[in-house]
Amino acid sequence: MAFNLKLPGTVYGGKDSLQKIPEIAKNYHKVALFTDQGIRSAGITRKPEELLARAGCEVTVLDQLPAEPTYLQAEAIVEEFRAVNADLIVAVGGGSVMDIAKLASIADTGACRIRDMLSDPLIGKKQIPTLLIPTTAGTGSEATPNSIVAVPEQDLKVGIVNPAMMADYVILDGEMIRTLPPGIAAATGIDALAHAIECYTSNKANPFSDLFALKALKLIFASLEEACCNQDAMEAKNNMLLAAFYGGVAITASGTTAVHALSYPLGGKYHIAHGISNAIMLLPVMRFNKAACLKEFAAVYDSLWGTQAGGLDEKAALTGEEKADRLLERMEGLIRNLKIPSSLREFGVDAKDLDTLVEGGMNVQRLLVNNKRTVTPEDARALYLEVL
Ligand SMILES: NC(=O)c1ccc[n+]([C@@H]2O[C@H](COP(=O)([O-])OP(=O)(O)OC[C@H]3O[C@@H](n4cnc5c(N)ncnc54)[C@H](O)[C@@H]3O)[C@@H](O)[C@H]2O)c1
Ligand SMILES: [Zn+2]
């Protein structure tokens, strides 16, 4: 199988990488800064705004972006953006903000609408360059050509994928997630974990995606808990930003699988946040996949812990199945420690919703075909039932 690696134009990472903004922005004049009210009111856009002004840019802030946007909400923001006549888009936000900013970058002239992109994702052409600065760690949207919008008519979330949406510049600066509330840090961190393990076990996995997925998993298991509970753990926070970015690179090179497929209707119909719905579906799907992914699970175990606890002897002594079980136990322990909701009941979902969920999940064939073990409608029903 041939494979390829697509990356954003230039990626700046680590301490003080935000200081690169003037250097990036100096060739532009009018900036549209995309963000949301939660982020702006937490003071997170102040520094980027200052640095853009220092570069001599005129900055218009669009701060009414909704979380987990519908395609109509995205269209309304893009319309507002068109009136700005910007020559650079800067997104300071989580996946919701970055996804709308990416859509705006290929829809500036108004010749194509977001609605049309749902059926013909490639109609948009890159018109305005983007600088993406994630404030969650995270979706990895800064590393993907994807934008996810809800389609209320279908109770679903749909991924619009167009290589023209790859970012031109990315900045990964731990300061942007220093004050991220622990609950959001936990759920978005498990989203990154899901990206990595799904891509590693995907039918589309390849040496490029494996490299980034494994490194993401290593960083997440080492840093996520500390990054969530300790505001000053800057090394852990920078690691999580790297992990989320690597997870995004893995998505671009490979593709997520049944966890994301079955989580889409949970976001689309019940408005469960993306990270939480993935955290809820992750273990049931990974257990379901175990027999088909023994080799991959064992390789993850070896790579992360095989030489630690019992040393090389343990690596050799454990069977593939035991290694897979230990990996699943570690995942379960991590999610439990982070206290992420684990049941759909908490969100008002019950047995009468099963048919709709199964139908919605089975519609996401774009991702289900990547799953190593075939998921039938009966399997999907059993997986949802496990978390009801
Ligand atoms: N394009 C992709 O490749 C991709 C991948 C995965 C998910 N997604 C999409 O991304 C969206 C979810 O993004 P997300 O999980 O990053 O959450 P989000 O962008 O929806 O943000 C969640 C909440 O966190 C707040 N917030 C964000 N950063 C903060 C900070 N530093 N401090 C305080 N509050 C902060 C926001 O105000 C918002 O209320 C979903 O729509 C999902 O489908 C896209
Ligand atoms: Zn995701």
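Note that these values count all heavy atoms, side chains included, but never hydrogens, waters or copies made by symmetry.
When all heavy atoms of S209 and C199 are compared, the closest pair comes out as OG-O, 4.5 Å. Listed here is the closest heavy atom pair of P66 and I100: CD-CD1, 4.0 Å. Among all heavy-atom pairs drawn from L241 and I177, the shortest one is CG-CD1, 4.0 Å. Listed here is the closest heavy atom pair of N206 and A253: ND2-O, 3.0 Å. In terms of heavy-atom proximity, M166 sits nearest to A143 at CE-O, 3.5 Å.
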**OP:** Begin with the C-alpha distance, continue with both residues' side-chain angles, and end with the deciding distance and a verdict on side-chain hydrogen bond (donor to acceptor under 3.5 Å, both in side chains) for D191 and N278.
**Re:** CA-CA 6 Å; D191 185 29; N278 283 318; 3.0 Å; yes
**OP:** Walk me through it: do E49 and T45 pass the test side-chain hydrogen bond (donor to acceptor under 3.5 Å, both in side chains)?
**Re:** CA-CA 6 Å; E49 284 182 61; T45 58; 2.9 Å; yes
**OP:** Evaluate the criterion side-chain contact (heavy atoms from CB on, under 4.5 Å) for residue pair H195 and Y246; output intermediate values, then yes/no.
**Re:** CA-CA 9 Å; H195 296 159; Y246 294 162; over 6 Å; no
**OP:** Kindly determine whether Y28 and E58 satisfy side-chain hydrogen bond (donor to acceptor under 3.5 Å, both in side chains), including the steps that lead there.
**Re:** CA-CA 9 Å; Y28 303 97; E58 184 187 323; over 6 Å; no
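Tracing side-chain contacts under 4.5 Å through hydrophobic residues (I, L, V, M, F, W, Y), one never reaches M165 starting from L132; they form parts of separate clusters. Follow the hydrophobic side-chain contacts under 4.5 Å out from L217 and you never reach V249; the two are in separate clusters. Linking ILVMFWY residues whenever their side-chain heavy atoms come closer than 4.5 Å, directly or via other members, places I220 and I190 in the same cluster.
Residues D99 and S141 have side chains that bring a donor and an acceptor to within less than 3.5 angstrom of each other. Between the side chains of T188 and T136, no donor-acceptor pair is found at a separation under 3.5 Å. Side chains of N289 and K372: a donor-acceptor N/O pair is absent below 3.5 angstrom, by distance only. A donor-acceptor contact under 3.5 angstrom links the side chains of K102 and T144, judged on distance only. Between the side chains of S202 and E198, no donor-acceptor pair of N or O atoms lies under 3.5 Å. A donor-acceptor pair shorter than 3.5 Å can be found between the side chains of Y71 and E153. Y270 and D353 share a donor-acceptor pair across their side chains, judged by distance under 3.5 Å alone.
Grouped by direct or indirect side-chain proximity (heavy atoms under 4.5 Å, Ile/Leu/Val/Met/Phe/Trp/Tyr only), L156 sits with I148, Y264, V364, L367.
Residues N371 and N203 fail the side-chain proximity criterion, which asks for heavy atoms closer than 4.5 Å. Within the 4.5 Å cutoff, the side chain of N370 has no heavy atoms near those of the T256 side chain. Within the 4.5 Å cutoff, the side chain of M362 has no heavy atoms near those of the R381 side chain.
Ion pair R40/D63 flagged as a salt bridge, since at least one NZ, NE, NH1 or NH2 atom sits closer than 4.0 Å to an Asp/Glu carboxylate oxygen. Salt-bridge formation is not detected for the pair D350/R345: no Lys NZ or Arg NE/NH1/NH2 atom is positioned less than 4.0 Å from an Asp or Glu carboxylate oxygen. Classification of K20 and E23 as a salt-bridged pair holds, one side-chain N sitting under 4.0 Å from a carboxylate O. Ion pairing of K237 with E175 is absent here, as no side-chain N (NZ or NE/NH1/NH2) approaches a carboxylate O to less than 4.0 Å. The pair E79-R82 meets the salt-bridge criterion, since a charged nitrogen lies less than 4.0 angstrom from a carboxylate oxygen. Between D325 and K290, at least one side-chain nitrogen of the basic residue sits less than 4.0 Å from a carboxylate oxygen of the acidic one, meeting the salt-bridge criterion.
Summarising the local packing, NZ of K339 is surrounded by 12 or fewer heavy atoms from other residues, nucleotides or ligands at distances under 6.0 Å. No more than 12 heavy-atom neighbours from other residues, nucleotides or ligands sit within 6.0 angstrom of CD on E235. Heavy atoms of other residues, nucleotides or ligands lying less than 6.0 angstrom from CD of E359 number 12 at most.
Under the 6.0 Å distance and 45° angle rule, R330 counts as a cation-pi partner of W305. Geometrically, R373 engages F288 in a cation-pi contact defined by less than 6.0 Å to the ring centre and at most 45° from the axis.
For F34 and F81, the gap between ring centers is short of 6.0 Å.
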